[in-house]
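Worksheet: the structure to be examined is printed underneath.
Labels below follow one simple rule: chain letters A, B, ... track the order of the sequence lines, proteins then strands, and each chain is numbered from 1. FYI, side chains are in, hydrogens and waters are out, and symmetry mates aren't considered; it's all heavy atoms of this structure.
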Amino acid sequence: MDLNRLRQDSEFAWRIPAEAPMTVPGILYGDREQILQMDDKVYEQLRNVTLLPGLVGPVYAMPDAHWGYGFPIGGVAAFDADAGGVVSAGGVGFDISCGVRLLHTGLQAADIEDAKSALADSLYANIPVGVGSEGSISLGPESMRDMLEGGARWAVDQGYGCAGDLERTEECGCIPGADPDAVSERARKRQRREMGTLGSGNHYLEVQRVAELFDAGIASAYGLDPDHLVISIHCGSRGLGHQIGTDYLREMLLAASDFGLTLPDRELACAPIHSELGQRYIGAMRAGMNCALANRQIITHLTRAVFREHFPQAELTMLYDVSHNICKVETHVVEGVARELHVHRKGATRAFGPGNPDLDLSLRDAGQPVLIGGSMGTGSYVLAGTADSEHRALSSACHGAGRAMSRRKARREYGGRQVVDELARRGIVVRSPSLRGIAEEAPLAYKDVDRVVDNADRAGLARKVARLEPVVCVKG
DNA sequence: ATGTCC
């Protein structure tokens with residue numbers, strides 16, 4: 001990216017000045033080198049977002065930002081419904097409510113050293129993974145509706161997990177306002193047999209070792225101890241979310257001229273929040289969020305069953321579950337005024353600071369756990385939302401390492417077998433149905449997650465708490 | 001991300 005087009009606000013914040021016809025500036029977070037290496041497409045896409053109506057405050061790009069569909073991945077944008085604000089299917093992304101759930105195991109790294117391979121085999125055998133993977137659960141029309149309305153709460157009612165899980169899940173596991181009738185028949189059909197499945201791409205289930213702590217106080221509040229094992233589950237709303245995205249992108253594009261919207265990019269198709277279409281999309285998107293929450297809840301249940309076989313003493317309890325592809329209605333103080341905003345976070349993690357009433361009391365003093373998935377074979381991180389993150393980026397932080405090269409290029413550069421062997425030499429056991437997928441997800445196809453997280457911390461988006469290293473990885 | 005093109 002050409003730094004000459006940016007104004008440097010601080011060591012870690014770069015501004016696209018709000019020149020007409022832009023109504024708000026764009027802010028990119030990261031160090032000089034990161035911004036320099038960012039694709040020009042991120043600049044172009046972030047600038048395009050600033051041209052949408054009803055924006056409040058700057059639009060933001062997180063340090064892991066890269067080229068996405070319409071909005072950059074790692075993008076944050078907030079709209080005021082009463083000021084003509086819009087909701088955008090491309091601003092949420094195709095994988096609605098993709099997110100990360102982190103579980104404690106109570107085990108130490110040494111406890112599983114001799115059983116890593118067997119554990120990997122069991123996890124791989126019991127948790128469906130890969131493109132089009134199906135589980136043993138099949139939802140009829142009534143159950144589908146209940147799931148779309150109930151989310152993880154529905155899953156717990158069905159026997160997948162316990163009430164304690166919900167206290168540690170965003171929205172207590174169920175976002176209100178979901179509208180199953182706004183979800184197409186095709187979207188539901190695609191999801192019928194996909195509950196409790198990981199999917200493909202960058203989705204995974206990892207057993208990880210707590211490798212380093214950066215804030216002992218918050219780590220203690222989160223129950224993170226050195227050398228303890230945790231489990232990260234990264235997945236979303238599978239075929240249902242994807243179909244909702246596809247359906248509404250098409251509909252929003254066709255309706256754009258009726259709304260008098262001139263789109264800077266077809267991929268930024270959107271609808272006024274107050275329009276019938278906007279409201280219908282929000283209802284469908286919330287159903288997609290409940291689907292993702294239920295999905296991660298069922299996978300939690302499957303994971304517990306596997307661990308019970310191998311380690312009867314293990315107790316899998318929740319640290320937290322948070323989405324990084326979603327539009328949420330939140331109150332934020334902008335220029336001294338509290339406003340209700342529709343905050344789009346696409347590849348950006350909500351990072352509520354201490355005292356936020358949405359947090360369970362057990363987490364409220366420490367702030368919200370911000371769960372960052374690294375690339376395969378590299379570190380993952382737990383951060384904490386801070387009071388500062390509110391005015392830095394509407395309480396948002398990065399979501400992962402962020403891709404550094406396209407999937408196609410990664411396939412040309414790396415062999416799947418070679419990547420698996422290399423990770424095995426480092427003691428990381430990988431199971432996946434797709435060597436091609438492994439090549440696309442090669443660690444070097446991603447940005448340096450350590451640097452991304454360092455800069456998220458230094459930019460004041462969230463505070464570093466712990467670094468996690470992979471031990472076992474089940475990969476889509 | 002995705003029954004990797006209805």
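The separation between A:R407 atom CZ and B:dT2 atom P is 9 Å, rounded to whole Å. Between the CG atom of A:D247 and the P atom of B:dT2 there is a distance of 16 Å, given to the nearest Å. In this entry the distance linking CD1 of A:I73 with C1' of B:dT2 reads 13 Å, nearest Å. Here the C1' atom of nucleotide B:dT2 and the CG atom of A:L240 are 12 Å apart, to the nearest Å. Nucleotide B:dT2 holds its P atom 20 Å from the OH atom of A:Y248, rounded to whole Å. Distance, A:R411 CZ to B:dT4 P: 14 Å, rounded to whole Å. As rounded to whole Å, 12 Å separates atom C1' of B:dT4 from atom CZ of A:F94. For the pair A:E440 CD and B:dT2 P, the computed distance is 12 Å after rounding to whole Å.
In this structure, A:R238 reaches the B:dT2 phosphate: one of its side-chain N or O atoms is under 4.0 Å from OP1 or OP2.
By the side chain to side chain contact (heavy atoms under 4.5 Å, CB included) test, A:A442 pairs with A:Y414, A:V419, sequence neighbours left out. Looking at residues two or more places apart in sequence or on another chain, you find no side-chain hydrogen bond (donor to acceptor under 3.5 Å, both in side chains) involving A:D265.
Taking the six-membered ring for Trp and the full ring otherwise, the centers of A:Y281 and A:Y248 sit less than 6.0 Å from each other.
In this structure, A:T246 reaches neither bases nor backbone, as no heavy-atom distance under 4.0 Å exists between it and the strands shown. If you check every strand for non-hydrogen atoms under 4.0 Å, A:G245 touches nothing. No engagement by A:G93 is indicated, since no non-hydrogen atom pair under 4.0 Å with the nucleic acid exists.
Toward the 5' end of DNA chain B, the nearer of the two residues A:R436 and A:R403, judged by each one's closest nucleotide, is A:R403.
Ion pairing between a basic and an acidic side chain is recognised when a charged N comes within 4.0 Å of a carboxylate O; A:E44 and A:K41 show such pairing.
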